Structure formats: C-alpha cells, structure tokens
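Have a look at the structure below before the remarks.
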Amino acid sequence: MTASLPEKIGKYRVLSELGRGATSRVFLAEDPFLERKVAIKVIKDDAPTDTYMRRRFQRVFMNEAALTGKLEHPHIIAIFDAVTEDEDSYLVMEYVDGQTLEHHCTPEALLPLERIVEIMFKASLALDYAYRHGVIHCDIKPANIMIAGDTDIKVTDFGAAFYDAADHTYLTGVGSPAYMSPEQVLEKQLNHQTDIYSLGVVLYQLITGKLPFQGSNRGSLLYQILNIEAVAPSVHRWGVPPELDRIVLRALAKPLTDRYQHWAELSRDLAHVFKHLTLPEESVSDTEKFSAVRALSFFQDFRDVEIWEALRLGMWHRFAGSETVLREGEEGDGFFVLTAGEVRVSRGGKVLDVLKAGHCFGEILYFHETQATRTTTIITHTPCVALEIKARSLREASDGLQMQFNRSFMRVLVKRLDLRETRLVAQAGT
C-alpha cells in the first residue's frame with residue numbers, strides 16, 4: 001500500500017486518514033453492508049523489512065486479531081474483523097469520534113478532578129472485564145484511552161496484551177517505559193496488577209500534568225520506577241483530596257502486596273471519592289484565571305506553560321477588607337501572590353509597606369526546608385484576591401517554574417531593598 005489514500009481496503013471504502021505511526025496507518029472507512037463507519041489500522045508498506053522486526057510487528061497485530069469479537073464492553077474498543085497476512089495485514093475496529101487522553105495530560109489542559117475520577121472509574125471497570133476474560137493489556141497509557149464527550153471512554157490498542165487463550169506468549173519489549181510497572185521493567189511474569197500500576201500512572205498524569213517519574217534518559221527513568229517513591233499528586237495540584245492521593249499512591253506501590261490486589265478494590269475506592277467531589281457553586285474559568293495572572297508584573301517573564309503549571313499548584317482566596325491573612329509568629333508553609341486589592345505589611349504593630357496587585361508576600365518560607373514562623377503580619381487594606389502556593393509544591397515543580405519564581409522573588413527583593421534605602425535616605429535628610 002502506498003502513502004497515498006487508498007480507495008478501498010478489502011470491502012471497506014476509505015474516507016480519510018485518521019493518523020499514522022512508525023509502523024501503521026489508521027483510516028476512516030465505511031462498511032458497505034452494515035452502513036457504519038469503522039477505523040482500519042494497516043501495517044505501512046515502508047515498515048522495516050528486517051525479518052525479525054516484521055515478524056514482531058505481525059505479532060502485535062496477531063495479539064489484537066486474537067481478540068476479534070472477544071471483548072464486548074462499552075468502554076473497550078470493539079474489533080470487528082482482522083486480516084493478518086504477510087502482504088496485507090489490517091484490523092477493522094469501532095470508530096470513535098474523539099481524541100486520546102494525551103490531550104489532557106499537560107498543565108494547560110487538565111480536566112476537573114471529578115471528571116478525571118469518573119474516566120478512571122470507567123477504565124478500571126473495562127480493564128477488570130478484560131482481565132476476567134483472560135486479557136492483560138500491558139500497555140496502558142493516555143494514548144491508548146480514547147475519550148468522546150465528557151467521560152465516554154474506550155480502551156484501545158491491545159497489541160502488547162497477554163491473552164491466555166491465544167497460541168502465542170506475551171510479547172516482551174513492547175510498551176512505553178514511563179508507564180511500565182516495576183515487574184514489567186524487570187521482565188517478570190505479569191498479572192493484572194501491572195495494568196493497575198499503569199492506570200495509576202495515567203491517573204497521576206491526568207491530575208498533575210506530569211509523570212510520577214521523569215528521567216533524563218531511559219536508564220534514569222527505569223531506576224526511578226524501581227527505586228524511588230512517587231510524590232503525592234496533591235503536591236503538584238491544589239485541591240486534590242487525601243483520599244485521591246491514597247488511591248494513586250496505592251496503585252503505584254512497587255511491591256505487589258502493597259498495590260491494589262483486585263480491580264474491584266480500585267473501582268470501589270474511585271467511586272467513593274467521586275461522590276465527595278463537587279464543583280463550587282461559583283467558579284471562575286481557567287481562562288479567566290490565566291488572563292488575570294498573565295497581566296501581573298510578578299509573572300512578566302513566565303512562559304504560558306509555566307503559568308498553567310503555577311495555576312494548577314495554587315489555590316485562590318478572596319479576602320474582605322481589614323481581614324488578617326498572615327499573622328506574625330504563626331507557622332506557615334506557603335506564600336501568596338496578590339492578584340487584586342491592597343494589603344498592609346506590619347511588624348510589631350508598625351506598618352512597613354502597602355502591597356498592591358502583582359506583589360507577593362510570605363515567600364521567605366519557600367527558602368526553608370520545613371515549616372517556619374511568619375515574620376510579618378498581613379492585613380487587607382481593601383477587598384483582595386490572592387493566589388496561594390505551598391512552598392513544598394513549588395520545590396517539587398518543574399525546574400523551569402522554580403527558576404522563574406526565583407527570578408521574580410529576586411526582583412521583588414531588589415525592589416524592597418531599593419525602597420528601604422530610599423526611605424532611610426529620606427529619614428536621614430530630615
């Protein structure tokens with residue numbers, strides 16, 4: 001098959017190309033008999049001609065082909081037909097008019113928590129169904145979960161799956177390292193808990209916009225998967241309830257004895273959390289929050305991606321006039337960026353400064369490894385809005401975001417020192 005659009009694949013009339021990868025192309029086609037649209041995955045003509053590699057690609061196709069008509073679940077992509085011949089190999093699948101969860105794994109495109117939990121609940125039910133039919137997916141990742149509408153999902157791509165009724169064994173070396181379980185990395189015998197782990201990684205990424213483990217190279221990444229414990233998602237995103245933290249970390253447990261033993265356990269916990277997640281009665285859109293922050297001088301050098309990350313780390317507060325925000329001598333673990341209004345800064349009852357939108361306060365705690373005491377009192381002069389970020393969350397954030405905050409903190413410090421010097425000169429002159 002050439003790179004041009006074919007008119008037909010078997011009996012199916014090709015309508016358009018949906019996408020392509022290193023070894024395959026996916027087409028939107030029409031089934032003339034059942035009058036429905038289908039997706040057809042075809043091995044590319046220019047796939048490697050090396051005998052070993054081509055056989056390997058054939059094995060991936062055989063894995064999916066073996067499941068033709070076997071898994072009938074509302075959240076698993078249906079495989080209608082398969083042709084697995086040397087010169088002509090393709091799969092005919094259910095067509096989903098949507099996109100993959102990859103589109104919601106970056107800080108600027110994260111979904112609300114209640115939607116994420118519902119999506120993962122449905123995925124856990126689908127993978128439980130597959131496991132009860134003898135199938136372990138072995139390659140769960142955002143690219144292999146389609147979403148249409150708000151939470152209508154389909155688990156796809158069983159090319160790396162272990163199927164206990166097939167006449168061939170699990171295909172090792174297939175999968176995405178970032179989503180591999182420790183036992184998968186070590187090429188040990190797998191069970192359904194490897195999919196539980198991988199879904200835990202997807203859940204982590206959907207919540208935070210980042211992977212639990214990120215190495216500069218494959219070796220570093222695999223070392224972390226085997227040896228480093230993941231940081232709780234709430235460190236990277238404000239508002240994640242403790243119950244959801246516990247679910248994610250249990251799904252990512254390295255010892256199988258500490259991980260969820262059964263899909264039903266995970267599904268039950270997700271359902272429990274979902275009932276406790278509600279939208280606020282009055283909410284401001286993420287777009288409005290982004291625009292408000294982008295206009296502040298404090299964030300003048302931040303890239304868009306870094307602002308989105310900051311928004312996911314922080315929590316918004318509204319304060320009335322004459323309200324105490326921070327009190328001198330109290331312990332704290334976060335700092336604030338003022339987005340609207342004015343506050344008075346005082347120490348020992350003496351007013352030191354008045355801060356306006358675009359200024360920050362409480363940032364000294366970011367430079368302490370543990371909680372420290374406040375050195376000033378902050379009282380609102382007018383009704384205010386402020387973004388609060390926990391110091392630990394920023395220390396666990398991306399290097400780029402930390403660098404930008406450090407630059408802004410330094411700029412604020414220089415301005416304060418200049419202002420203090422100006423005042424001292426003025427006092428000396430009087």
Side-chain angles (χ1 to χ4, degrees), residues 104-113 116-117 200-201 203-214 224 228-249 252 273 277 280 283-284 286 289-290 292-294 296 298-299 301-319 325-326 330-339 358-374 378 385-410 412:
H104 300 292
C105 289
T106 54
E108 69 273 15
L110 297 184
L111 296 169
L113 291 177
I116 293 172
V117 171
V201 178
L203 176 55
Y204 194 106
Q205 195 174 14
L206 288 174
I207 293 172
T208 66
K210 63 194 306 179
L211 290 163
F213 307 111
Q214 301 181 75
Q224 292 180 49
I228 306 299
E229 297 299 325
V231 174
S234 59
V235 172
H236 301 297
R237 178 171 176 173
W238 190 285
V240 178
E243 301 96 317
L244 192 51
D245 268 346
R246 286 194 290 269
I247 289 172
V248 175
L249 295 180
L252 293 178
V273 171
L277 292 173
S283 59
V284 179
D286 286 345
K289 293 176 182 177
F290 180 89
V293 168
R294 168 52 78 198
L296 299 175
F298 184 90
F299 294 97
D301 295 327
F302 284 53
R303 297 177 301 169
D304 287 357
V305 66
E306 291 156 353
I307 290 181
W308 281 117
E309 185 179 0
L311 289 176
R312 294 304 176 189
L313 294 180
M315 181 176 182
W316 292 82
H317 297 275
R318 292 184 182 275
F319 302 102
V325 181
L326 304 178
E330 287 183 344
E331 284 193 344
D333 61 348
F335 62 92
F336 295 75
V337 178
L338 194 62
T339 62
H359 289 77
C360 64
F361 53 90
E363 74 279 3
I364 191 66
L365 298 185
Y366 169 61
F367 300 98
H368 289 266
E369 289 298 324
T370 58
Q371 283 195 340
T373 56
R374 304 288 184 184
I378 307 293
V385 179
L387 176 66
E388 181 186 8
I389 296 178
K390 298 296 184 182
R392 183 189 177 193
S393 294
L394 181 54
R395 286 195 291 269
E396 294 287 347
S398 67
D399 291 342
L401 185 65
Q402 292 185 60
M403 181 180 68
Q404 294 292 10
F405 267 102
N406 289 337
R407 286 177 175 175
S408 292
F409 289 149
M410 185 62 67
V412 168

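Computation of the quantities below employed the complete heavy-atom set of this structure, encompassing side-chain atoms and omitting hydrogens, waters and symmetry-equivalent molecules. Not measured: the values here are computed from a predicted model.
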With sequence neighbours left out, the residues meeting ring-ring contact (aromatic ring centres under 6.0 Å, His included) with Phe335 are Phe405, Phe409
Phe336: what forms a ring-ring contact (aromatic ring centres under 6.0 Å, His included) with it, not counting sequence neighbours? His317, Phe361
For [X] and [Y], work out which heavy atoms get closest and say how close.
X: Asp301; Y: Gln404; value: O-NE2, 3.1 Å
X: Leu110; Y: Ile207; value: CD1-O, 3.3 Å
X: Val385; Y: Arg318; value: CG2-NH1, 3.6 Å
X: Gln224; Y: Gln214; value: NE2-O, 3.2 Å

So with a 6.0 Å cut-off around CZ of Arg294, is the heavy-atom count from everything else above 12? yes
Are [X] and [Y] close enough that some pair of their side-chain heavy atoms sits under 4.5 Å apart?
X: Leu394; Y: Gln402; answer: yes
X: Arg392; Y: Val231; answer: yes
X: Lys210; Y: Gln205; answer: no
X: Ser408; Y: Val337; answer: no

Test side-chain contact (heavy atoms from CB on, under 4.5 Å) applied to Trp308 - qualifying residues, sequence neighbours left out: Pro107, Glu108, Asp286, Phe290, Leu311
So how far is it from Leu203 CG to Leu249 CG, rounded to the nearest 0.5 Å? 10.0 Å
Answer yes or no: is there an ion pair linking Arg312 with Glu309, defined by an N-O contact shorter than 4.0 Å? no
Do the side chain of Asp333 and the main chain of Lys390 share a donor and acceptor less than 3.5 angstrom apart? no
